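Every value quoted in this text rests on a predicted model; they were computed, and no experiment measured them. Lettering of chains follows the sequences in order, A, B, ..., and the numbering in each one begins at 1.
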Amino acid sequence: MLQINYIRENKEQVLARLAIKNFKNFNLVDEIIHLDENRRQTQSKLDAISAEANLAAKQVGDLMRQGKKEAVEVIKINTSALKEQIKTLGDELTKLEEQLQQQLVLLPNLPHISVPKGVGADDNEIIFEHGVKPTLATNALPHWELAVKYDIIDFELGNKITGAGFPVYKGKGAKLQRALINFFLDRAEAAGYSEVQPPILVNEASGFGTAQLPDKEGQMYHVGLDNLYLIPTAEVPITNLYRDVIVKEEDLPIKNCGYTPCFRREAGSYGAHVRGLNRLHQFDKVEIVQVAHPDQSYQVHDEMSKYIQNLLQALELPYRVLRLCGGDMSSHAALTFDMEVWCAAQARWLEVSSVSNFETFQSNRLKLRFKGKEGKAQLAHTLNGSALALPRIVASLLENNQTEKGIRIPKVLVPYTKFEWID
RNA sequence: GGAGAGGUGUCUGAGUGGUCGAAAGAGCAAGCCUGGAAAGUUUGUAUACUCGCAAGGGUAUCGAGGGUUCGAAUCCCUCCCUCUCCGCCA
């Protein structure tokens with residue numbers, strides 16, 4: 001959520017920046033500014049009248065002590081009119097605040113200056129590419145067939161238990177999952193991230209805090225009886241750890257990591273490009289989250305990007321880094337890098353990580369602030385990135401590392417899997 | 001699920017209708033003291049909105065929302081949450 005003060009004082013810049021995200025509803029911005037104007041006027045009026053009423057109440061107290069009953073009666077008559085006005089203005093103010101909030105929530109975040117214009121995935125900038133795409137034998141298999149061949153992931157069983165998009169990992173498949181989670185967590189810990197194990201069901205306030213609600217309601221599984229949501233990413237509970245918190249400036253940046261399963265409804269996505277592990281309703285992910293000082297958040301963003309790339313290099317996977325264009329990035333982010341790994345058998349890039357700086361877009365909703373020794377509390381910046389999402393890493397490992405002998409496990413993982421081959 | 005207790009500032013904790021943004025203590029910060037530190041001592045120590053160039057002023061906030069009253073942290077109602085005991089249970 002953008003800050004109203006900023007919009008008020010920088011309308012032209014706001015419009016220009018929003019245009020890069022292909023947001024053209026300029027009327028909305030005008031409407032917001034108008035509502036805000038109204039709100040402030042109403043606030044002032046209300047405050048003045050409240051002050052008058054407070055004064056009258058104080059006078060009654062004094063007069064009562066002096067026993068001047070008649071004078072008290074006079075004041076009482078006068079204040080009844082004030083009370084009515086307070087009620088009317090108060091209701092009006094509440095209404096205006098609600099309207100303002102509703103409209104404000106509709107505005108996307110302003111993109112960073114480095115964000116290229118563009119409408120979709122084709123306009124993303126490839127800013128880095130690393131590794132050599134493996135050359136596979138002609139009889140190479142996509143990962144969903146390898147999964148069957150080595151009996152490590154059972155999609156059919158998942159269908160029976162739950163439905164499509166909920167695979168069952170078996171044997172070395174299950175162990176590989178566990179190995180990856182531990183590997184990712186160990187790496188994150190070594191890089192200074194404190195591990196947390198958060199709830200995977202969250203309430204509405206948390207969903208609102210990180211901006212999944214209200215607009216992405218349909219993407220999350222909702223437990224109606226208790227009005228809770230299954231998390232689509234650990235970003236939600238981990239970032240919400242700092243909701244309504246004022247942290248010490250010297251404690252920044254705050255670095256957390258956590259492993260959780262993630263749940264996404266992915267309504268409307270079916271077909272060949274979502275086969276196998278390519279897109280699931282439930283998957284595992286290790287997430288890194290930082291709360292940063294506004295002056296340092298882009299440095300932090302770079303550092304997170306490098307950290308994620310190191311993981312991919314350690315896993316020996318060919319990858320590339322994209323700078324998302326205005327049209328393809330999430331409406332909440334100011335800057336996003338996507339990391340994609342090469343899946344040799346499918347001959348396509350798959351996104352395994354997305355690292356974003358949200359600047360104050362989330363912290364404004366979260367009321368996540370920091371404060372130095374002097375000066376006012378101000379909004380912190382929030383960032384997060386996948387480090388990493390498991391299924392597509394597994395897909396890529398299976399496809400790229402398939403040989404006659406079986407599937408080779410990358411060296412760094414062997415201490416975790418305790419086996420070198422899936423065969 | 002049943003019965004009871006309770007939700008106050010960074011924390012502990014007082015406050016049952018007016019002088020309460022809120023005692024006291026702790027913590028924290030600054031000053032004094034000290035060779036330096038501890039102890040001692042003094043002062044300060046919430047957030048948001050709003051008016052103002054500023055100094056400063058106004059308003060709101062004692063779990064949330066309503067109500068009673070000239071006036072509510074204090075009384076009434078609803079909801080949420082926490083704790084204790086019982087039941088159930090990994």
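Rounded to a whole Å, the CD atom of A:Q41 is 12 Å from the P atom of B:U50. Rounded to a whole Å, the CG atom of A:D244 is 13 Å from the P atom of B:G9. One interatomic measurement links the two molecules: CD of A:E250 to C1' of B:U10, which rounds to 14 Å at whole-angstrom precision. Atom NZ in A:K248 sits roughly 14 Å away from atom C1' in B:U45 (whole-Å rounding). A straight line from CZ of A:R39 to C1' of B:C51 spans 13 Å, rounded to a whole angstrom. Going from atom CZ of A:F370 over to atom P of B:U47 covers 13 Å, rounded to whole Å. A straight line from CZ of A:R369 to C1' of B:U47 spans 6 Å, rounded to a whole angstrom. Nucleotide B:C49 holds its C1' atom 15 Å from the CD atom of A:E37, rounded to whole Å.
In this pair, A:F361 and A:H332 present their aromatic rings parallel. The plane angle is below 30°, not in the 30 to 60° band.
If you take CZ on A:F208 and CG on A:D215, they are separated by 9.5 Å, rounding to the nearest 0.5 Å.
Applying the 4.0 Å criterion to OP1 and OP2 of B:U47, one finds that A:K371 has a side-chain N or O inside that range. Residue A:R8 places no side-chain N or O under 4.0 Å from the OP1 or OP2 atom of B:C49. Listed pair A:R40 / B:C51 meets the phosphate criterion, a side-chain N or O lying under 4.0 Å from OP1 or OP2.
A salt bridge between A:K45 and A:E92 is absent, with no side-chain N of the basic residue lying under 4.0 Å from a carboxylate O of the acidic one. Between A:D302 and A:K306, none of the side-chain N atoms (NZ, or NE/NH1/NH2) sits under 4.0 Å from a carboxylate O, so this pair counts as no salt bridge. Using a cutoff of 4.0 Å between basic side-chain nitrogens and carboxylate oxygens, A:R40 and A:D36 are scored as salt-bridged.
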Produce a footprint string for nucleotides 59-81 of chain B: one letter per nucleotide, 5' end first; B if the base is under 4.0 Å from any protein heavy atom, S if only the sugar-phosphate is, - if neither. SS------S--BS----------

